[in-house]
Chemist: 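Got a structure for you, questions after.
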2 protein chains.
Amino acid sequence: MFSKACVYGLRAALYVATLDKQAFVPIKTISDHLDISFHFLTKILQTLTQHHIMLSYRGPNGGIALARPAEQINAIQIVEAIDGTRLFSDCILDLPGCGTQRPCPMHEQWSRIRSEMKHLLETTTLAGLSERISQFDLRITADEGGLNSPGG
Amino acid sequence: MFSKACVYGLRAALYVATLDKQAFVPIKTISDHLDISFHFLTKILQTLTQHHIMLSYRGPNGGIALARPAEQINAIQIVEAIDGTRLFSDCILDLPGCGTQRPCPMHEQWSRIRSEMKHLLETTTLAGLSERISQFDLRITADEGGLNSPGG
DNA sequence: CCATTTAAAGACTAAATACTCTTAAATCTT
DNA sequence: AAGATTTAAGAGTATTTAGTCTTTAAATGG
């Protein structure tokens, strides 16, 4: 579905959102918590800062932070920054120029699914996800329990 | 979304369905029409014959054919044969064991989309697609017009 | 100014995907 | 039996994605 980089980007951004601090969070802290390769995550977050979704700051007390309130960052911004927009535009049979003018036989049906997928990602904000996490003790790590569990 | 192999497999199976013949169609014919690498397509169709979705026959007048009526082959059978079932089971945040028991914060919403996607592929038969193609002169090739256009 | 902490940048390696090529095996025609 | 046609099988190559490692640059604190 999404690339690994995209999934890691989503998880990392969401993790920062759950901390709900003004301070910069070191990437090492995030990579440790989410069990993602530090160097790989650094690259992914570089992309997000280049797309003005996150801010970075070097040196002691540096790290990364959300570029704006979590209410104003939605999943699709992250997905499109990392994986591009092709997922939401390409024909499922990969035919160039497929559209209402010259549709493939699955165009109509697939467009519907794609729109719903896009709509979901557009209406899913980091704030919403973060709230859901704290409310139901959901998890964004690969470990056993929720964020508030021992070890989490 | 789907791998190239999967997309080619779908296109090839659909192409065979549109021919609506009992005869075996040489893979070369299909690869020429759909502009897919012959050797690559051969491998993909091998997978489909191994999954009993298509039949193959060697030698002159040989080729491949649908293993059963086009009404009984749906898109999901082809997708799962080539790309596996992970697309319809994996967590969107790639968390192991994500499910109703230990959901990730997107689990509920994503499951809905995934179900719709799966349902669409389950109810999309080669017969249905084939009918749509002939009815509206839709295309499964990368060329300009529909199947009945000059050159098609 | 120097050591330390942090991200940025870029080269490098590994694995997965997307092909290509060669040989073998089955089948048909003559 | 010989030769042509076709898929099967498997090795080989290319490209993309994933991940590692090293060096550089920015910022802080002493």
Side-chain angles (χ1 to χ4, degrees), chain A residues 1-13 16 21 23-67 79 81-84 86-87 90 94 142, chain B residues 1-13 16 21 23-67 79 81-84 86-87 90 94 142:
Chain A
M1 191 64 218
F2 300 145
S3 69
K4 284 268 184 192
C6 185
V7 167
Y8 292 164
L10 281 168
R11 292 227 298 257
V16 173
K21 286 177 188 171
F24 286 98
V25 189
I27 298 176
K28 188 75 176 66
T29 305
I30 306 173
S31 67
D32 281 353
H33 267 92
L34 302 185
D35 199 34
I36 298 170
S37 146
F38 166 71
H39 290 289
F40 192 31
L41 186 57
T42 295
K43 290 209 152 175
I44 297 163
L45 294 178
Q46 257 174 55
T47 304
L48 292 183
T49 61
Q50 280 156 9
H51 281 81
H52 310 291
I53 292 167
M54 309 203 82
L55 293 176
S56 68
Y57 204 80
R58 301 196 227 198
N61 306 318
I64 65 145
L66 302 182
V79 170
I82 298 172
D83 277 356
R86 294 194 49 187
L87 186 61
D90 273 13
D94 214 24
Chain B
M1 190 64 218
F2 301 145
S3 68
K4 284 268 183 190
C6 184
V7 167
Y8 292 164
L10 281 168
R11 293 229 297 257
V16 172
K21 286 178 187 168
F24 287 98
V25 188
I27 297 176
K28 189 75 175 66
T29 305
I30 306 173
S31 67
D32 281 353
H33 266 93
L34 301 185
D35 200 33
I36 298 170
S37 145
F38 166 71
H39 290 289
F40 192 31
L41 186 57
T42 294
K43 290 211 149 173
I44 297 164
L45 294 178
Q46 257 174 54
T47 303
L48 292 184
T49 60
Q50 280 156 9
H51 280 80
H52 309 292
I53 292 167
M54 310 202 82
L55 295 175
S56 68
Y57 204 80
R58 299 195 226 198
N61 306 318
I64 65 145
L66 301 182
V79 170
I82 297 172
D83 278 357
R86 294 194 49 187
L87 185 60
D90 274 13
D94 214 24

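Each chain gets a letter, A, B and so on, in the order the sequences are listed, and its residues count up from 1. Just so it is clear, the values below take in all heavy atoms, side chains as well, and ignore hydrogens, waters and symmetry mates.
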Chemist: What side chain to side chain donor-acceptor pair (under 3.5 Å) pairs are there with at least one residue in residues 2-12 of chain A, not counting sequence neighbours?
Modeler: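 Output for this query lists S3(A)-D83(A), K4(A)-D94(B).
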Chemist: Which part of the nucleic acid, if any, lies within reach of L45(A) when heavy atoms closer than 4.0 Å are counted: base, sugar-phosphate only, or nothing?
Modeler: nothing
Chemist: Please report the distance, rounded to the nearest Å, between CD1 in I30(A) and P in dT6(C).
Modeler: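 Between P of dT6(C) and CD1 of I30(A): 12 Å.
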Chemist: If you compare every side-chain N and O of Y8(B) against the phosphate oxygens of dC19(C) (OP1, OP2), does one of them come in below 4.0 Å?
Modeler: yes
Chemist: Would you say I64(B) and I30(B) make side-chain contact, with heavy atoms under 4.5 Å?
Modeler: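 Yes, close enough: below the 4.5 Å cut-off.
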Chemist: Rounded to the nearest Å, what distance is computed from the CG atom of residue D83(B) to the P atom of nucleotide dA16(C)?
Modeler: 15 Å
Chemist: For DNA chain D, what string of dots and brackets results from 5' to 3' when Watson-Crick and G-U pairs need both distances under 3.5 Å, crossing pairs get [ ], and pairs with another strand get |?
Modeler: ||||||||||||||||||||||||||||||
Chemist: OP1, OP2 of dT6(C) versus side-chain N and O of Q46(A): anything below 4.0 Å?
Modeler: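 No, no such contact exists.
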Chemist: Would you mind listing every salt bridge (charged side-chain N to carboxylate O under 4.0 Å, His left out) that reaches into residues 23-32 of chain A, with sequence neighbours excluded?
Modeler: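 Counting only pairs at least two positions apart or across chains, the salt bridge (charged side-chain N to carboxylate O under 4.0 Å, His left out) contacts touching residues 23-32 of chain A are K28(A)-D32(A).
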Chemist: If a protein heavy atom is under 4.0 Å from the base, mark B; if only from the sugar-phosphate, S; if neither, -; do that for nucleotides 20-30 of chain C going 5' to 3'.
Modeler: BBB--BBBSS-
Chemist: Using a 4.0 Å cut-off to any heavy atom of chain B, which nucleotides of DNA chain D are the first and last in contact, reading 5' to 3'?
Modeler: dT5(D) to dA11(D)
Chemist: Tell me the salt bridge (charged side-chain N to carboxylate O under 4.0 Å, His left out) pairs involving residues 35-64 of chain B, sequence neighbours left out?
Modeler: none
